[in-house]
Number of protein chains: 2
Amino acid sequence: MLKNPVVLLDLVDRLANLMRAEFRRVGSEEGLQPVHIQALLFLAQVNRFSNTPQALAEYLDTTKGTVSQSLLLLDRRGLIERYQDEIDRRVVRLRLSALGEAFLDESNPSGLWQTATREVSANRVRYSVSVLRTILYEMQNQNGGPPFGTCNTCVYCQRKSQRIHHCAWFGERLSGPETRKICREQVPKSGYLTAGE
Amino acid sequence: MLKNPVVLLDLVDRLANLMRAEFRRVGSEEGLQPVHIQALLFLAQVNRFSNTPQALAEYLDTTKGTVSQSLLLLDRRGLIERYQDEIDRRVVRLRLSALGEAFLDESNPSGLWQTATREVSANRVRYSVSVLRTILYEMQNQNGGPPFGTCNTCVYCQRKSQRIHHCAWFGERLSGPETRKICREQVPKSGYLTAGE
DNA sequence: CCGAAATAATAGCGAGTCAAAACTAATTTG
DNA sequence: CAAATTAGTTTTGACTCGCTATTATTTCGG
């Protein structure tokens, strides 16, 4: 009756619903909705090529218009800053403000998750990451959306020296910490999907 | 910068957002929102002790009032049926109507997920189920809510013979298929959390 | 080099979710 | 048998979300 893949979907849905409720609790003091917390977490993790409203819309699987309204509120609260792109003046770039970073530090929206995950070994977490990443990749393949992975598992990321990396897609240098942020254009290296890391 | 547990949370959130968008597509013909699809899927999976509005509210991590409205809509569309409990006349029992079952069969809301999961071996799926179940259990421990597992992994489920099981919590007989449905009062047997199945 | 198509983002609108609190009805407790 | 508890509904108001323009900028074709 209940096949294992369905059970897995059920667990993913339930965990997401739980985190959604947790985000609601965390945001309620500041009058923020769960979607606003998700947006702030996205901005905290994303690299400098993907910090646009469009990317956020793809990440959240929602529309540009909806995202625009969420950003409006975050801007009014002073939690984010918007600035124009130097080259293409249509695109708006986003970053967390100092206030936004402080808010994430204090409220720690993923605290409940982190506490719960402490009971699971690092190996088991890594293994599950690999499985879920494969599923996400497959779903995005059918769906057209970008997978949003980190640079250090991307085919375009080349290591030049100890500290210097280079992105062959955007043609720019990357620092070490930057290769651990998530990117809209990421294409996973083979070996990061079917096998564990 | 990005620890693995955080990456896992990110994946869970993103997969859930994707499924949410998928549920929206699936439900749009019938004018159903994602939450309504989730409710229908819940009713398709739940055992006869847990098919109440209250249980659904706990499952979705939302409030009774919100669930009440969702059920109102599903009832109006003829997708579910409500009936009073024999013993406690305050409680309302829910079941899918024939129309509701037909809708799930035709639209198959988890089709995208199932297709994507075909690329992952059964072993890896089972392993991930075990990991996510542990995390869910830990989060519920802190949160107070019930974990909602299947009877066949529950301490109260006793096997009487080949085909007959017995629930020591509700004190009733269970058929074989029933032990594979999810229950509100489930308490996982040791061994189903820390180890794989 | 100029007009048309494409792209990024915003604005306005209306339907509908959602939480909170008040309320009803049935059950349990003391 | 009254008080407290529990399951569920109703009401209200805030806010999300998808949809459809609209604006601004860039790219493409001739």
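Residue numbers start from 1 in every chain, and the chains themselves are labelled A, B, ... in the order their sequence lines are given, proteins ahead of strands. Given the structure is predicted, the values throughout are model-derived calculations rather than measurements.
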Options dA7(D), dA8(C), dT17(C), nucleotide nearest the side-chain atoms of V91(A):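 Selected nucleotide: dA8(C).
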For atom [atom1] of [X] and atom [atom2] of [N], their distance in whole Å:
X	N	atom1	atom2	answer
L32(B)	dA15(C)	CG	P	18 Å
L73(A)	dC17(D)	CG	P	12 Å
L60(A)	dT16(D)	CG	P	13 Å
D85(A)	dA8(C)	CG	P	12 Å
L72(A)	dG12(C)	CG	P	10 Å
R25(B)	dC17(D)	CZ	P	16 Å

Nearest-nucleotide 5' precedence on DNA chain D, S68(B) against Q33(A):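 Counting from the 5' end, the first nearest nucleotide belongs to S68(B).
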Letter per nucleotide, 5' to 3', of nucleotides 19-30 of chain C [B base touched, S only sugar-phosphate touched, - untouched; heavy atoms, 4.0 Å]: B------BS---
Students often get this wrong, so: under 4.0 angstrom with heavy atoms, is [X] touching a base, only sugar-phosphate, or nothing?
X	answer
V67(B)	nothing
R82(A)	sugar-phosphate
T52(A)	sugar-phosphate

Residues [X] and [Y] bridged, charged N to O under 4.0 Å:
X	Y	answer
E58(A)	R184(A)	yes
E138(A)	R118(B)	no
K181(A)	E178(A)	no

Those residues that, when tested against T63(B), pass side chain to side chain donor-acceptor pair (under 3.5 Å) (two or more places apart):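 Side chain to side chain donor-acceptor pair (under 3.5 Å) check on T63(B) returns T66(B).
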Over 12 foreign heavy atoms within 6.0 Å of CZ, R48(A):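 Counting other residues, nucleotides and ligands, CZ of R48(A) exceeds 12 neighbours.
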Transitive ILVMFWY side-chain link L74(B) to V91(B), under 4.5 Å: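 Shared cluster, no.
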ILVMFWY network linking V125(A) to V125(B), side-chain heavy atoms under 4.5 angstrom: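 Yes, it is one cluster - the side chains of V125(A) and V125(B) are joined through contacts under 4.5 Å.
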DNA chain C contacts made by residues 14-23 of chain B, counting heavy atoms under 4.0 Å: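 Hits under 4.0 Å, by residue number: none.
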Contact summary for I135(A) and L15(B), nearest pair of heavy atoms: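 Where I135(A) meets L15(B) most closely, the heavy atoms are CG2-CD2, 4.2 Å.
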Nearest heavy atoms of S68(A) and R82(A), plus distance in Å: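 Looking at all heavy atoms of both residues, the closest pair is O-NH2, 4.4 Å.
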Under-4.0 Å side-chain N/O to phosphate OP1/OP2 contact, H36(A) with dT16(D):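 H36(A) to dT16(D) OP1/OP2: side-chain N or O found under 4.0 Å.
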